[in-house]
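Below, chains carry the letters A, B, ... as their sequence lines are ordered, and counting in each starts from 1.
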2 protein chains.
Amino acid sequence: MKLEAAKAQFIQTWGSLATQWGINKTMAQIHALLLITPDPISQDDLMEELSISRGSANMNIRELIDWGLVDRVIKPGERKEFFLAEKDIWKVFRQIVKERKKRELEPLLKVLEQLKAVDGEKKNREAKAFTDTIENIQKFVGQADKSLDTMIKADENWFWGNLIKLIK
Amino acid sequence: MKLEAAKAQFIQTWGSLATQWGINKTMAQIHALLLITPDPISQDDLMEELSISRGSANMNIRELIDWGLVDRVIKPGERKEFFLAEKDIWKVFRQIVKERKKRELEPLLKVLEQLKAVDGEKKNREAKAFTDTIENIQKFVGQADKSLDTMIKADENWFWGNLIKLIK
DNA sequence: TAAAAGTTTCAATAACTTTTGAAAGATTAG
DNA sequence: CTAATCTTTCAAAAGTTATTGAAACTTTTA
């Protein structure tokens, strides 16, 4: 397989996987291209390689920087900005978990906490089932939240090493 | 907070969370309603409660059954079908992981395997960076895949208990 | 300071996804 | 068998999300 074809397929695969996870396809494709390219790339080159417009490139690059997955790089003597992705997949993964946790799990926990305060007077079947489910979800999400916190701080070898010990 | 309001908020929260994860909002809302309702519900009641059409209800219910999150229930003497959701969140979570793993991780591993076979003759900087990244992703995804396999089989208490011990 | 080079914004448009509901297809009771 | 009841399908419509590209803005150079 030729390098160009392999690159193209990786970019496309990464992009379609992303859409299944609620992530913008173009953003994932830019990320994919940066992941497999050793040197920093300019916005113009990204636009060229992926056939995307200036606006889209700019917006998605900014989002990637926001997620902490891509860094702006200034080359001495060059006017343009260049972009470089973190290549260590474990770090990338932790960064994504960290962001999603902050954006999703934490707000969810707040909502669940409120929902427990449903009028408890009438301890009927319906109200009981509702609070039971909410409390179970809350426990589950709370536990996941804590575990992820630890994982974010953990070192890759330590984490996998222990997990593998645990599951063997 | 009144039960009806709390239910409505839970359904809405679950639905919008789902869209962030690439899951159809209506499907998640149906799931949410079934989660907090102790008894089986008919399609007509689902349509009524969530204000959705017959077609959408049917399609999304089928998808939920496909995901193994909802069961069809036949009530003796009734012509209609009723639907009931698994209430144990740990089981729900494992089921979702199992499905996504099958639908996404396993195909991804196949693609990655192919991509490693990039023309290796020219061991240039670019080709090197590409295969390095692909191999790293492959290792990572492969490890995750195995760990998830074990998790799927694990019992809740066993899993959390050990994970908490591990991370403390 | 003016022109050049680069970056960002945003309204219009395109692409994609979901929903609708009427029609066709099943199944059951009588 | 056939009428009644319930379920499924699917093409059109609505709704949602992403992309475009020209214009506005900012920074740098000379």
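- Results of the side chain to side chain contact (heavy atoms under 4.5 Å, CB included) test with B/K102 over B/E99, B/R100, B/E104 single out B/E99 as the only residue that passes.
- The CG-C1' distance, from B/L46 to D/dT7, rounds to 14 Å in whole Å.
- Each of A/E78 and B/N24 lies near DNA chain C, and the nucleotide nearest A/E78 is the one positioned closer to the 5' end.
- Contact annotation: B/R54 does not reach the phosphate of C/dA22 (side-chain N/O to OP1 or OP2, under 4.0 Å).
- For B/N58 (side chain) and B/R54 (main-chain N/O), no donor-acceptor pair under 3.5 Å exists by modelled atom type.
- Using a 4.5 Å heavy-atom cutoff, the side chains of B/V92 and A/F140 are not in contact.
- Here the C1' atom of nucleotide C/dA29 and the NZ atom of B/K80 are 17 Å apart, to the nearest Å.
- Rounded to an integer number of Å, the gap from NZ of B/K25 to C1' of D/dT17 is 13 Å.
- The interatomic distance linking A/E63 (CD) with D/dT19 (P) rounds to 11 Å, in whole Å.
- Contact check, B/N58 against D/dC6: no side-chain N or O comes under 4.0 Å of OP1 or OP2.
- Distance from the side chain of A/I52 is smallest to D/dT20 among D/dT19, D/dT20, C/dT7.
- With respect to the salt-bridge test (charged N to carboxylate O, under 4.0 angstrom), the residues A/E113 and A/K110 do not qualify.
- Among the atoms of the strands shown, none is found under 4.0 Å from any heavy atom of A/D44.
- One atom, CD1 of A/I61, and another, C1' of C/dT7, lie 11 Å apart when rounded to the nearest Å.
- If you measure from atom CZ of A/F82 to atom C1' of C/dA5, you get 13 Å, rounded to the nearest angstrom.
- Which of C/dT9, C/dG21, D/dT7 sits closest to the side chain of B/S53 comes down to C/dG21.
- Around CE of A/M27, the count of heavy atoms belonging to other residues, nucleotides or ligands within 6.0 Å exceeds 12.
- B/N60 places its CG atom 13 Å from the P atom of D/dT8, with the value rounded to the nearest Å.
- Between B/L64 atom CG and D/dT8 atom C1' there is a gap of 17 Å when expressed in whole angstrom units.
- The phosphate of D/dT7 (OP1 or OP2) has no side-chain N or O of B/R79 nearer than 4.0 angstrom.
- Take the nearest nucleotide of DNA chain C for B/M59 and for A/Q43: the residue whose nucleotide is more 5' is A/Q43.
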